[in-house]
Number of protein chains: 2
Amino acid sequence: MRILLIGATGTIGKAIAAAFGTRHDIIPAGLHKARESVDLADPQSLRALFGRIGRVDAIVSAAGQAAFKPLGELSDGDFALSMGNKLMGQVNVVRFGLASVADNGSVTLTAGSLARHPEPGGAAVSLVNAGLEGFTRAAALEAPRGIRVNVVSPPWLTETLQAIGRPVTGGLPAALVARAYVESVEGRMTGQVITPT
Amino acid sequence: MRILLIGATGTIGKAIAAAFGTRHDIIPAGLHKARESVDLADPQSLRALFGRIGRVDAIVSAAGQAAFKPLGELSDGDFALSMGNKLMGQVNVVRFGLASVADNGSVTLTAGSLARHPEPGGAAVSLVNAGLEGFTRAAALEAPRGIRVNVVSPPWLTETLQAIGRPVTGGLPAALVARAYVESVEGRMTGQVITPT
């Protein structure tokens, strides 16, 4: 398969590329240092990416920023960034990207476990992740030409917890999270929230 | 209790006011024809409302617009309206309103069953409703002074289905939906998605 991987230079993105190995032809895209440059928060940048890459069998998005900070400290700008980047950016991957996906292909987005398992500091992230889960369930019903749409909702990455100095309990290594994306791309499910375990 | 009811002139709002009856002092607010005028999509209008009304024991929001139309017809503007109005408008009711709520008071928002039960045409509404459910679960963890935060997630209203000429199967009359808001305001739950049945 020919697969567009948005967020290819991130911790999850690199693990996804490794999990696909040499079975598929990966087109790496990202904000920095990837072969294809794209800014998820900029609709024109996304549209330009789809204009360049031609037909693909799958799109995988493992990208998007959202603000994690106490409710009382989340500013208008923090909500605008979270909703414009990780949430609407990935919604636009579906909206703008479907026309580039081959019949019976797939689109896979990334949400996160805060959607259903809240934590202090996670109000904006929970909003974004739950919104992505709700959007995916609905969008899958209307995707044309047998195209499947799923969202992977990973827990904290072990790598992230280590980087910010938190206990790694409950975390999952990116290499295990990546398996959920492989399952979405190579399997037959649609409209699913896939929770890596 | 002194209760601010945003969306007081809507079908659900009127039913909530009727369900509270004379037990509480209701401050009706809405875009049109309510005692207090407020535009949920306008942060300045919301802040001005909270500046005027003084201390309340509860805030109930049964307001907010979101676009219901086929995925391929949902425009950038439809998503912007849905996210700016029903979603961010109600998030701002919590953010800006908490300081006006008395100790151990409550804030109750409105999502909808499309959050978890998708239908064709509902991609933006599912996003908004699921986002509100996720936000509420998280915000409840951080609300100060014992303030509770819940969201009511009603199915289609019988009244709405009748108005648009759809079969009323699966719908619920606004009078029954209103009971969920009473339960949220007068009960002890927090961080809950309340599904009227």
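Note that these values count all heavy atoms, side chains included, but never hydrogens, waters or copies made by symmetry. Below, chain A is the first sequence line, B the second, and so on; all start at residue 1.
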Flag the one option from A:Gly191, A:Ala143, A:Gly134 with the top tally of heavy-atom pairs under 4.5 Å to chain B.
A:Gly134

B:Arg148/B:Glu186 ion pair, N-O < 4.0 Å:
no

Chain B contact via A:Arg95 - which portion, at a heavy-atom distance below 4.5 Å:
side chain

Is it the backbone or the side chain of A:Asp76 that comes under 4.5 Å from a heavy atom of chain B, or both, or neither?
both

Give, as side chain, backbone, both or neither, the part of A:Ala115 having an atom under 4.5 angstrom from any heavy atom of chain B.
backbone

Can B:Glu133 and A:Arg116 be counted as an ion pair, charged N to O under 4.0 angstrom?
no

For the candidates A:Leu98, A:Leu87, A:Val128, which exhibits the highest count of non-hydrogen atom pairs separated by less than 4.5 Å from chain B?
A:Leu87

Considering only heavy atoms and a distance below 4.5 Å, find which of B:Gly72, B:Ser75, B:Ala80 pairs most often with chain A.
B:Ser75

Interface moiety of B:Val91 toward chain A, non-hydrogen atoms closer than 4.5 Å:
side chain

How many angstroms lie between CG in B:Asp39 and CD1 in B:Ile6, if you round to the nearest 0.5 Å?
11.0 Å

Quick one: CE on B:Met1 to CD1 on B:Ile26, what's the gap to the nearest 0.5 Å?
10.0 Å

A:Arg2 side chain to A:Arg55 backbone, donor-acceptor under 3.5 Å
yes

Greatest number of heavy atom pairs closer than 4.5 Å to chain A - which of B:Ala124, B:Ser126, B:Pro144:
B:Ser126

Checking B:Pro70 against chain A: side chain, backbone, both or neither under 4.5 Å from a heavy atom?
both

Using non-hydrogen atoms only, which part of B:Leu141 is less than 4.5 Å away from chain A: side chain, backbone, both, or neither?
side chain

Interatomic distance, OH@B:Tyr181 vs CD1@B:Ile3, rounded to 0.5 Å, equals 13.5 Å

Rounded distance [0.5 Å steps], OG1 in B:Thr108 versus CD in B:Glu183
10.5 Å

Check each atom of B:Leu114 against the heavy atoms of chain A and say whether the ones under 4.5 Å are side chain, backbone, both or neither.
neither

Spacing of A:Ile164 atom CD1 and A:Phe68 atom CZ [to the nearest 0.5 Å]:
7.5 Å

